[in-house]
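Quick caveat, the model's predicted, so the values are computed rather than measured.
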Amino acid sequence: MRANVWSGRNTVQVENVPDPKILNRDDVIVRITSTAICGSDLHLYNGFIPTMEKGDILGHEFMGEVVETGPDVQRLKNGDRVVVPFPIACGRCEACRREQYSVCENSNPNAGMAEKMFGHACAGIFGYSHLTGGYAGGQAEYARVPFADVGPIKIEDDLADEQVLFLSDIFPTGFMGAEMAEPSPEKVIAVWGAGPVGQFAISSARLLGAEHVIAIDKEEYRLRMARERAGATATINFEEEPDVVEALKEMTGGRGPDSVIDAVGMEATHAQPALHAYDRIKQATRLETDRPHALREAIMACRPGGIVSVIGVYGGMVDKFPAGAFMNKGLT
Amino acid sequence: MYATTTHNGQAPGAAAKLASGLGWFSLSLGAPQVVAPDRVNELIGVRDDGRARAWQRVVGGRELAAAAGILGQRRPTLWLWGRVAGDLMDLGLLGGAFVRRRCDARRLAVATASVVGVFVADLYAAARMSARPEIAREEGPMKAKAAITIRRPREEVERRWKDLVRESDVFLLAPLEVTADEPGRRVTFRSGAKADHRVTGVALFTDAPGDRGTEIHLEFVYASPAGRLGEAVQKLSGEDPLQFAKDDLRRFRQLLEVGEIVRSEGSPEGHSVKEHLHQRPAQPLEHARPLEHAHA
């Protein structure tokens, strides 16, 4: 089959690779009808996530039709239309029992590798480096989906692919970001990053009851979409107003936002060219693996006693984390 | 999960660790000096000609001898003093290169400064080991501990573990023989006759708090037939009983909670630290063979 594979830093190409095979008894094989590129794929492309091998199939946001089932699969049959969530979960370990599927204890056959970097391993993920198990991803014609009775979401009505595909990653990710921020009508929520995940975080915050959501980005088209489609009640373009912390104070009567959501992650852009250059140089020379500018700013902006909700992707260590601000302001 | 190793239950002290480190340093320096003297000359800023290469090989041979001496002994005092003498010899050679054979003065200066730094470390290690007879490098068999929690009842976990360790196909540390068994408390085991490593130890099965299942605590002692140097080499290549124990505990949890050993395209044999060093690309296999004994 044809698949999009990682071929070195800043190189991806479509190649012929073998078709997927059933490896475990509760696998299914899915013929992929729609697949998406995630902002976090850029970190793989730019070479910031370690443990990639040439030939790794990328892609963790996909859906399609079940075409083959393993011997122990009970819930799905051939012909079922499914959206596949990007974390792989066994459904039976302690983490899965707590419904913390993204830290499933059994689904990462490279858990020892991840444990060295993070202290403990996280779950397996489709197409996201060998740290998360080395699973072949979904930017391909077919994919093997493990633990088919646990993860895949069966679509039984006539919703189009485009209407449900984002259940694979960005909608639940944005929703979790908003949920962790504990939104309510009187709170002001500030969201850094108006990309696809940020848009879903904004609209999720509104769905969960927030009435004041501020979107922060530098692309005017994203800020417009945030206002007109996602439900942001105000926006900040940080290229026009570089002092985001002050701007937020002004917009909240001096209080600062009650909860802040980082939907940016490790490749943040800084308005101030010199500081941005500092982070980029350190990242390019691998002295620092992540550029945490949005996270730093979110911590500084958050009102004392508030909540910092992080869904932006980070891989390693950051320089100059404002631990003093975090602790002394009593942030969660 | 939890895992750690010590020697005789005590972590080696700083001076002993430094001595070991210097042994490894000698090994990692000596090898390229002997095998690729031209590259080393270039690196340190010495004009690369026949004489310079010959001297590199001599020094490289000296380093390898020092490595063997230090890593093979508990108290390699004379070898450490030998390193000190070697540093002085190196400083002399570098000085000569400055005068007669230098190519890149900056690199030569950096190399010289490095030798001075190593000289200080060597002097300290040699002096400490001479002055304090109780200081010794790692001695005796390695002791390892590992723990994991499995979400199944204690009786089931204990019974299944005792069954599986007798076979050698699922666990990397197997075959193990159970030599004493106090059900509900501790199981004593040792390597079977055909095993590659000599291992003896104890497995404790206790109830985890709440309804989290069972904690398994493994404590064992192991010695490689190849001695201390062999142990270090094995660890680097992933062939080390502690790493096997960690792999085995993870695989055991998968067997009990999921029913199978979990496979990925990058690690089609399931969790194995050796596999971590040689991942195949994350794309489907040409031919997927069923994993032997992968099922519960």
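- Contact of A:Ala3 with chain B is not made at all, since no heavy-atom distance falls under 4.5 Å.
- Contacts with chain A were tallied for B:Ser272, B:Gly266, B:Pro284, B:Pro281; B:Pro284 has the most, counting heavy-atom pairs under 4.5 Å.
- A salt bridge does not link A:Arg97 with B:Glu257: every distance from a Lys NZ or Arg NE/NH1/NH2 to an Asp or Glu carboxylate oxygen is 4.0 Å or more.
- Between B:Glu265 and A:Tyr135, the shortest heavy-atom contact is OE1-CA, 3.5 Å.
- In this structure, the side chain of B:Ser264 engages the main chain of A:Gly133 through a donor-acceptor pair within 3.5 Å.
- Within the 4.5 Å cutoff, the side chain of B:Glu260 has heavy atoms near those of the A:Asp26 side chain.
- Distance check, rounded to the nearest 0.5 Å: CD1 of A:Ile22 to CZ of B:Arg263 gives 11.0 Å.
- Proximity to chain B is absent for every atom of A:Thr51, based on heavy atoms less than 4.5 angstrom apart.
- Under a cut-off of 6.0 angstrom, the local environment of NZ in A:Lys154 is crowded, with over 12 non-hydrogen atoms contributed by other residues, nucleotides or ligands.
- Atom CD1 of A:Ile37 is surrounded by 12 or fewer heavy atoms from other residues, nucleotides or ligands within 6.0 Å.
- Of all non-hydrogen atoms in B:Val262 and A:Asn106, the two that sit nearest each other are CG2-O, 3.5 Å.
- The two residues B:Gln283 and A:Pro18 come nearest to each other via the heavy atoms OE1-CD, 3.8 Å.
- Applying the 6.0 Å contact sphere to CD of A:Gln74 captures no more than 12 heavy atoms from other residues, nucleotides or ligands.
- Of all heavy-atom pairs between A:Pro109 and B:Gly270, the closest is CB-C, 4.2 Å.
- Considering only heavy-atom pairs separated by less than 4.5 Å from chain A, the leading option among B:Arg212, B:Arg250, B:His287 is B:Arg250.
- In this structure, A:Asn24 contributes its side chain and B:Ile261 its backbone to a donor-acceptor pair below 3.5 Å.
- With a threshold of 4.5 angstrom between heavy atoms, A:Phe147 approaches chain B through side-chain atoms but not through N, CA, C or O.
- Ranked by heavy-atom pairs under 4.5 Å with chain B, the list A:Asp72, A:Ile57, A:Leu58 is led by A:Ile57.
- Proximity to chain B (any heavy atom under 4.5 Å) is restricted, for A:Met1, to the side chain, taken from C-beta onward.
- For the set A:Gly91, A:Ala111, A:Ser107, A:Pro146, the count of heavy-atom pairs under 4.5 angstrom toward chain B peaks at A:Ala111.
- Residue-environment remark: CZ (B:Arg190) stays at or below the threshold of 12 foreign heavy atoms within 6.0 Å.
- Chain B forms more heavy-atom pairs under 4.5 Å with one residue of A:Arg92, A:His120, A:Glu53 than with any other, namely A:Arg92.
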Check your understanding: B:Arg253 and A:Glu94: salt bridge (Lys or Arg N to Asp or Glu O under 4.0 Å), yes or no, with the steps?
Key -> CA-CA 11 Å; B:Arg253 176 167 62 191; A:Glu94 179 60 24; over 6 Å; no
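- With a 4.5 Å cut-off on non-hydrogen atoms, B:Arg152 does not touch chain A at all.
- A donor-acceptor pair under 3.5 Å is absent between the side-chain atoms of B:Lys246 and the main chain of A:Gly112, judged by distance alone.
- A:Asp27 does not touch chain B: none of its heavy atoms, backbone or side chain, sits under 4.5 Å away.
- Around CZ of B:Arg39, the count of heavy atoms belonging to other residues, nucleotides or ligands within 6.0 Å does not exceed 12.
- In the displayed structure, B:Arg186 atom CZ is contacted under 6.0 Å by at most 12 heavy atoms of other residues, nucleotides or ligands.
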Review point. Salt bridge (Lys or Arg N to Asp or Glu O under 4.0 Å) between A:Glu105 and B:Arg151: does it pass, once the steps are laid out?
Key: CA-CA 11 Å; A:Glu105 296 173 2; B:Arg151 226 185 118 215; over 6 Å; no
